Structure formats: C-alpha cells, structure tokens
Amino acid sequence: MDMANVMEQKVQDFMAKVIASNPGEVEFHQAVHEVVESLIPFVEENPQYKDAKILERMVEPERVILFRVPWLNDKGGVEINKGYRIEMNSAIGPYKGGLRFHPTVNLGILKFLAFEQVLKNSLTTLPMGGGKGGSDFDPKGKSDNEVMRFAQSFMTELQRHIGPNTDVPAGDIGVGGREIGYMYGQYKRIRNEFTGVLTGKGLGWGGSLIRPEATGYGAVYFAREMLATRKETFTGKVVCISGSGNVAQYATEKVTELGGKVVTLSDSAGFIYDPAGIDAEKLAFVMELKNVKRGRIKEYAEKFGCEYHEGQRPWIIKCDVALPCATQNEINGEEAQTLVDNGCYCISEGANMPSTPDAITVYIDSKILYGPGKAANAGGVAVSGLEMTQNSQRLAWTREEVDAKLDSIMIDIHENCVKWGTEGEFINYVNGANIAGFVKVADAMLAQGVV
Ligand code: NDP
Ligand code: 2IT
C-alpha cells in the first residue's frame, strides 16, 4: 500500500470505532471524519500525540448532561422538552459554546457542534474550552411568555452545571438576545450572583458591543483575507448568503460596507433573489421582520417586488462569493458544483458544517478559496471571549476597540490556517484549521496528564 492508502486505512479504522461507540449520531460522525482526515497524518508524524491517545480522548466528551424541561403553555397545558449540555473539552479554558433551540436538536447534532467548538475556540487564541447545548424546543409560533417559561425551566436545571469559571453558554440557532435575557434572569435569581455566566447579554447588563455583529462580520473579514491572497477585494463582488438570522444579517451588513452586493437571503421555507442588492435600508426591513415580527423571508419579496423561490436554496444563483449562514449540510455536492460552474470561487462558512463532505470535495478539487466554519465563523465566540474578559474586569470597551480586536483575531486565524495548510500553491484551509486548532489543545492535554 502507498502512503495515502495507509493513511486512509487508519482513518477508516478510527471511524469504525467512533461509529460503533456512538451509534446513529450521523452529524457527529461527519464532523469527526472531516477532522481526522486532516489529523491522522499529522499525528502519525508527531507520535507524542498518538501515544497519549489524544484524538481518541478528544472524541469522547468530558461530560454529557441530559435533562427534562417541563413547562406550561399559554393554555395551561403541560409541555416537555429535552435539555442538553455537552461539556466536550476543558484543556485550555472553561467550556464555552452556544445553546441551540430547534426541533431537530438531538445528541448527535450537539456533539458535532461541541466537537467543532473545541478546535474553533482554540483557533481564536483565547483561553476557552469547548461545549454546546440546547433543546428540541421550537421557538417558532410561541408567545414571549411561553419562551420565557421554557427558558426559565431550562435554566433551573442547567444552572447547577455552569458558572463563569466552569461553563459559559451563549446563543446559536433559536437563541438570541431575548432567550439569553430570560435565562440570565433565572440564573441570577437562583444563584443570587451577577456574573458573566452567559455571553450575548444585553448592553446594559454586561453584554459586549459587537457581539451581535461578530459572527457575520468575522466571516466576512475571513473572506476578505482569503480574497487578499489572490489580490482581490469585496468591491463589486456579487454575494449569495443563506439564512436571514443573526449571522446572515450582519454578514450582509459588512459585505455591503466593503463594497460587495448581497443578492440572496433565505429561511427554511425558501430564498429571495434581489439582483439590485440588499442595501442598508432593505436590511433594516429584514432585521425588523426577523428579530421583532418574527415573520418569513417571503415577505421581503412581497415588499420589494423581487423573486421568491419556495422550497429552494440560493446556490443556483450566479455569484463570486457564497456565505452559507443558516445550518448544517445546506450545500450538497451538486449545489457546490453549480456554484463553481457559475464562477463562485470563495466560500466562507458563517454556519457550522454547512457543506456536506461531497461539497467540500468539489471545493478542494476546484482549488477555490474555502474557509471552513471552525475558522470562518470563529468571530462570534471570539467576541464572547472578549465579553468574558470585560465582565471579569467589570469594564466595557468601545465599539471600535472590540471591532478592531475581532478583526485582528480573524487575521490571526487566517494566518494560522495559511501556516499549517499551505500545500504548494494552494492553501488547504480545512487542514490548516484542523491542525492549528488541534495543536494547542493537544499540547495542553499532554501537559495535564491522563485526564
Ligand atoms: P438564527 O436562529 O438567528 O437564524 C437561523 C437562520 O437559519 C434562519 O434564517 C433559519 O430559518 C435558518 N435555518 C435554521 N435551520 C434551518 C434549516 N434546517 N433549514 C433551512 N434553514 C434553516 O441563528 P444564527 O444566525 O445564530 O445561526 C446560523 C448558523 O450560524 C448556525 O449554523 C449556527 O450554528 C452558526 N453560528 C452562529 C453563531 C452565533 O454567534 N450566533 C456563531 C457561529 C456559528 P427559519 O427561521 O426558517 O428557521
Ligand atoms: O457556534 C458558535 O461558535 C456559537 N454559536 C457561538 C458560541 C459562543 O459561545 O459565543
């Protein structure tokens, strides 16, 4: 067998064990597979990691918490959801990562997210371990009071497992400022402590400026750095974005600021195509629609008289740059091929694992600029880390200060990916991000012994 085949066999053997011991957790298998394809060759060359079984330890969460979340709906009926927190790895800091409230949430999805988070948080250069949590609760169609009662019940259990030096949750899909507020209120009430136990808090009560913007801005800063390796900028670029939530909104804002034109947004029902571009005024409409009225993106097409494609995803639209900002596995191999065939040559992932393995193969084979989520969307958790620092100092930094720090962190992550991922003329950001994220965590685990 040649070297490539030997490595492939080792990957297969490793995956066979992961699959057998985590049955049915397909998204977790997918995330681990992508990472070990980069890391097994690296670990073979660095036997200190192999001998200490660092990879085998990293795929096993340090702790998984699963709990019942009972609550009363507006009619007085009893509802029950599942609550989770995956405390994945604390080698380099307290567990840190978002909470997702979405009906599809299950153990495998949260384990994939927690696993990615460990490497992502390491890439930020800040001292944060990795975790993720959430619930199969669906906030859609619920009243504010129902969301509050659910969030309070969720936190009534979660509070005993978290703390500012232990585990610091934040938002993700379905968890924004409203949900963080209700959970923070309940934590404070039970623990009688005003502390930085959650990030993404409101500005008047410990939140950081730029945290709402951070993930979207960061994904665009990362794309800007990738484009710069080809002496390109956002000026005049046509950009397709999916999603219309937190990440998509601020990615749209930053692309427009940098001179690009965003022509699509979507939600789970379909996408809008606005060839004139989604300018600041139209974006303000989207923000009101999504964050306050909690309506559907279809209403954008009705308001501004553009196309709405029911039940479809934006990747059929011709663009230079694509920013998937909705959810996992939202670009398959065929869609990736369509993007590339239409001239798209830069993908920066605002979402976590939005591209299927087939899609990633298309990007790598086509040698386009491809920034995987754990690098490209690390700006969100990076500013969460900065929120933790401000909370510890009992200070609040200015908008300019936080934005400058976010920008320099994204530049550092990009440089680190280039350092570890350059293969001749090509920068393989997948290998770069996986190896750069791994080394810091692995070295900390080695130093801390078999724990
Ligand atoms: P939001 O809840 O604010 O928005 C999610 C958006 O994605 C909505 O437009 C939603 O549409 C759409 N969406 C969600 N699930 C699906 C689905 N199954 N199919 C199609 N569309 C879907 O979440 P965020 O913007 O915060 O998160 C978006 C992505 O970014 C996620 O992958 C998240 O993990 C990732 N991320 C978020 C960070 C953050 O700081 N918030 C940080 C790093 C990554 P609909 O309204 O119809 O559900
Ligand atoms: O996926 C992610 O990085 C997030 N949802 C943000 C996590 C955080 O702790 O800010």
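Keep in mind the model is a prediction, meaning the values are calculated, not measured. Every number for a ligand or one of its atoms is a count from 1 in the order of the listing.
Within ligand 2, the atoms closer than 4.0 Å to a non-hydrogen atom of K120 are 1 (O), 2 (C), 3 (O), numbered from 1 in the order shown. Near S384, meaning under 4.0 Å from one of its heavy atoms, ligand 2 places the atoms 8 (C), 9 (O), 10 (O). When each atom of ligand 2 is checked for a heavy atom of G171 under 4.0 Å away, the hits are 4 (C), 5 (N), 6 (C). Interface atoms of ligand 2 facing A170, defined by a heavy-atom separation under 4.0 Å, are 8 (C), 9 (O), 10 (O). The distance from ligand 2 to the heavy atoms of G97 drops below 4.0 Å at these ligand atoms: 7 (C), 9 (O).
For the residue pair R211 and V381, the shortest heavy atom distance occurs at NH2-N, 4.3 Å. G174 approaches P139 most closely through the heavy-atom pair O-CG, 3.8 Å.
Looking only at protein heavy atoms, the nearest one to atom 7 (C) of ligand 2 is G98 N, 3.5 Å. Among all protein heavy atoms, the one lying closest to atom 6 (C) of ligand 2 is R211 NH2, 3.5 Å. Of the protein's heavy atoms, K132 NZ, 3.7 Å lies nearest to atom 4 (C) of ligand 2. The protein atom (non-hydrogen) at minimum distance from atom 9 (O) of ligand 2 is K96 NZ, 2.6 Å.
A donor-acceptor contact closer than 3.5 angstrom is absent between the side chains of N246 and K290. Judged purely by distance below 3.5 Å, without hydrogens or angles, the side chains of W315 and N332 never pair a donor atom with an acceptor atom. Donor-acceptor pairing under 3.5 Å is recorded for the side chains of D403 and Y221. D74 and S143 form a side-chain donor-acceptor contact under 3.5 Å, judged by distance and modelled atom types alone.
Every N/O-N/O distance between N377 and ligand 2 stays at or above 3.5 Å.
Each of I278, V286, D267 was checked for a side-chain contact (heavy atoms from CB on, under 4.5 Å) with I272, and the lone residue meeting it is I278.
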side-chain hydrogen bond (donor to acceptor under 3.5 Å, both in side chains) assessment of N352 paired with N377: CA-CA 8 Å; N352 285 304; N377 72 38; 3.2 Å; yes
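Partners of A31 under the side-chain contact (heavy atoms from CB on, under 4.5 Å) rule, at least two apart in sequence or in another chain, are F112, F115, E116, M353.
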Could you pull out the N/O contacts under 3.5 angstrom between ligand 1 and the surrounding protein atoms?
residue: ligand 1; atom: 2 (O); partner: G174; partner atom: N; Å: 2.9
residue: ligand 1; atom: 3 (O); partner: N246; partner atom: N; Å: 2.9
residue: ligand 1; atom: 9 (O); partner: S244; partner atom: N; Å: 3.0
residue: ligand 1; atom: 9 (O); partner: S244; partner atom: OG; Å: 3.3
residue: ligand 1; atom: 11 (O); partner: S268; partner atom: N; Å: 3.4
residue: ligand 1; atom: 25 (O); partner: N246; partner atom: N; Å: 3.2
residue: ligand 1; atom: 25 (O); partner: V247; partner atom: N; Å: 3.0
residue: ligand 1; atom: 30 (O); partner: G350; partner atom: O; Å: 3.4
residue: ligand 1; atom: 32 (O); partner: A326; partner atom: O; Å: 3.4
residue: ligand 1; atom: 32 (O); partner: N352; partner atom: N; Å: 3.2
residue: ligand 1; atom: 34 (O); partner: R100; partner atom: NH2; Å: 3.0
residue: ligand 1; atom: 34 (O); partner: D172; partner atom: OD1; Å: 2.7
residue: ligand 1; atom: 34 (O); partner: D172; partner atom: OD2; Å: 3.2
residue: ligand 1; atom: 34 (O); partner: N352; partner atom: ND2; Å: 2.8
residue: ligand 1; atom: 40 (O); partner: R211; partner atom: NH1; Å: 3.4
residue: ligand 1; atom: 40 (O); partner: R211; partner atom: NH2; Å: 2.9
residue: ligand 1; atom: 40 (O); partner: T215; partner atom: OG1; Å: 2.8
residue: ligand 1; atom: 47 (O); partner: S268; partner atom: N; Å: 2.9
residue: ligand 1; atom: 47 (O); partner: S268; partner atom: OG; Å: 2.4
residue: ligand 1; atom: 47 (O); partner: R296; partner atom: NH1; Å: 3.4
residue: ligand 1; atom: 47 (O); partner: R296; partner atom: NH2; Å: 2.6
residue: ligand 1; atom: 48 (O); partner: K140; partner atom: NZ; Å: 2.8

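Heavy-atom distances between E116 and ligand 2 stay at or above 4.0 Å for every pair.
Residue contacts with ligand 2, taken as heavy atom pairs separated by less than 4.0 Å, do not involve L113 at all. Residue contacts with ligand 2 for M128 are absent, since no atom lies close enough (heavy atoms, distance under 4.0 Å).
Ring centroids of F154 and Y84 are separated by 6.0 Å or more, keeping the two rings apart.
Side-chain atoms of F150 and S135, non-hydrogen and from C-beta on, do get closer than 4.5 Å to each other.
Both tests pass for K142 against the ring of F137: distance under 6.0 Å to the centre and angle within 45° of the axis.
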